[in-house]
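To keep things clear, I will list the structure first and then write my remarks on it.
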Protein chains: 2
Amino acid sequence: METATNPLSRKAQIDQVATDLFRRRGFAATSMRELAAALGIEAGSIYSHIRSKEEILHRICFGLAESFMGGLRAAQTELPATPAGQLRRAIENHVRVLIQDTAASAVFLHEWRHLSEPALTEFQHLRQQYEAEFRELIAQGVQTGDLYTPDPAFAALTLLASLNWLPTWYRPDGPLTADQIAQRLTDQLLDGLAY
Amino acid sequence: METATNPLSRKAQIDQVATDLFRRRGFAATSMRELAAALGIEAGSIYSHIRSKEEILHRICFGLAESFMGGLRAAQTELPATPAGQLRRAIENHVRVLIQDTAASAVFLHEWRHLSEPALTEFQHLRQQYEAEFRELIAQGVQTGDLYTPDPAFAALTLLASLNWLPTWYRPDGPLTADQIAQRLTDQLLDGLAY
DNA sequence: CCTACCGATCGGTAGG
DNA sequence: CCTACCGATCGGTAGG
């Protein structure tokens, strides 16, 4: 009998445990035998639920890519639509996705290179597209006079870099809520540190 | 006969080629046979110059740690010493180390977790110390009124995150010099994007 | 620096 | 989901 405390399918359970291992030890350094042990089963048994180790990585990476893209689209189609306002909302949504599952986010950010072709190229295109949209938001903000930067591409990279460090240090039991963190990051990035 | 175009010792050559492979494919996913092939020798031959795969990683990680620490010390002991000025100089030095060897920097930033104990703990302490000094510079700047942030620890993490993304996108043949990049990063982080 | 090799471990499969 | 196993590859060593 399934208990109410464990509503995950075995496949979803495998993904979740694997995500944690991939994050902590890296994809290449995580063996299917470790994964099996963490699940309390034998290595061979995993393969009745998944086809390969890379399939798990694929699901993690592309699942997150979809979440990030969804958040960005939502920000872009908002109505009180100054570019600066949309950028602020895009940052908030990005932070929200990161915080919702820091383990999956960390894998998304650092382990994607272990994908093999053609998934690897597809993934890289998705990321480039995402970055390009942030760049575009910033460039629009510069045009309307809401933002200032000599180099929107540079600004976009730096901005995303600051955000993407979050899975490294964020602890769910810390003092700040997701929205507070998003707020502070946005303030700091938009207003700077100088007085 | 050694030629003038190749002044590196074999050991240094191994480190350099390994750094590039570790950066591109990850430490765990790089085999000693790949490394040997890239060097044009057989796998067994590597071990007359080094003791283990991890020894290479150790040298890379702790070598960079020393460079970063050196740059920070230099910034801290500068004379026209407002905290904000020291911070600006610390950022410049950090960027300079990153740019001087982006491959080694990337390994330093992402592959250190494959170190085994006790090196792993030692390394983590060095990084925490480095971060703490940045935090302290920012906190001092807030006290003197040169800087503003509600949370110096938060600001320090964000700042270093922005800088540390650099090895991911920097290309030596790009249009910006190291000093220009340091300048822009500093300006953007201190002054923000908002107009 | 090479040849030849070690034991261990890898991702994955067959058959039940 | 387990047992038993496959071929391949791993980091590293001995002896020259």
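Atoms considered below: every heavy atom in the structure, side chains included; atoms not considered: hydrogens, waters and symmetry mates. Quick note on labels: first sequence line is chain A, next is B, and so on, each numbered from 1. Predicted model only: the values in this text are computed from it and were never measured.
For H114(B) and dG11(D), the NE2 to P distance is 12 Å, given to the nearest whole Å. Counting to the nearest Å, the P atom of dC10(D) and the CD atom of E34(B) are 7 Å from each other. Put simply, CD1 on I46(B) is 17 Å from C1' on dA14(D), counting in whole angstrom units. Protein atom CG of L21(A) is 12 Å distant from nucleotide atom P of dG11(C), rounded to whole Å. Atom CZ in F27(A) sits about 12 Å away from atom C1' in dC10(C), given to the nearest Å. In this structure, E42(B) atom CD and dC2(C) atom C1' are separated by 7 Å, rounded to whole Å. Atom CZ of R25(A) is separated from atom C1' of dT9(C) by 13 Å (rounded to the nearest Å). The CG atom of L35(A) sits 18 Å away from the P atom of dT9(C) (whole-angstrom rounding).
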**Request:** Might you work through the side chain to side chain donor-acceptor pair (under 3.5 Å) test for T149(A) and D151(A), ending with a clear yes or no?
**Result:** CA-CA 5 Å; T149(A) 175; D151(A) 188 339; over 6 Å; no
**Request:** Mind running side chain to side chain donor-acceptor pair (under 3.5 Å) on R73(B) and Q76(B) for me, showing each step along the way?
**Result:** CA-CA 5 Å; R73(B) 298 271 175 254; Q76(B) 284 170 327; 3.2 Å; yes
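Of all nucleotides listed (dG11(D), dC2(C), dC10(C)), dG11(D) comes nearest to the side chain of R33(B). If you check dC1(C), dG12(D), dC1(D) against the side chain of S48(A), the one that comes closest is dC1(D). For Y47(B), the listed nucleotide lying nearest its side chain is dT13(D); candidates were dT13(D), dC2(C), dT3(D). With dG11(C), dC1(C), dT3(C) as the candidates, the nucleotide lying closest to the side chain of K53(A) is dG11(C).
Inspection of the H94(B) and Y130(B) side chains reveals an N or O donor paired with an N or O acceptor under 3.5 Å. For the 3.5 Å distance criterion, the side chains of D179(A) and T177(A) fail to qualify, holding no donor opposite an acceptor. If you check the side chains of S116(A) and E54(A), you find a donor sitting under 3.5 Å from an acceptor. Using modelled atom types and a 3.5 Å distance limit, the side chains of Q124(A) and R127(A) yield no donor-acceptor pair.
Side-chain nitrogen and oxygen atoms of R51(A) include none within less than 4.0 Å of the OP1 or OP2 phosphate oxygen of dT13(C).
Over its length, the helix from dC1(C)-dG16(D) to dG16(C)-dC1(D) turns its helix axis by 0°, as judged from the five terminal pairs at each end, rounded to 10°.
Looking at heavy-atom distances under 4.0 Å, S31(A) makes contact with sugar-phosphate atoms alone, never a base.
Taking the centre of each ring, F68(B) and F108(B) come in below the 6.0 Å mark.
With the nearest nucleotide of DNA chain D identified for both I41(A) and A29(B), I41(A) has the one nearer the 5' end.
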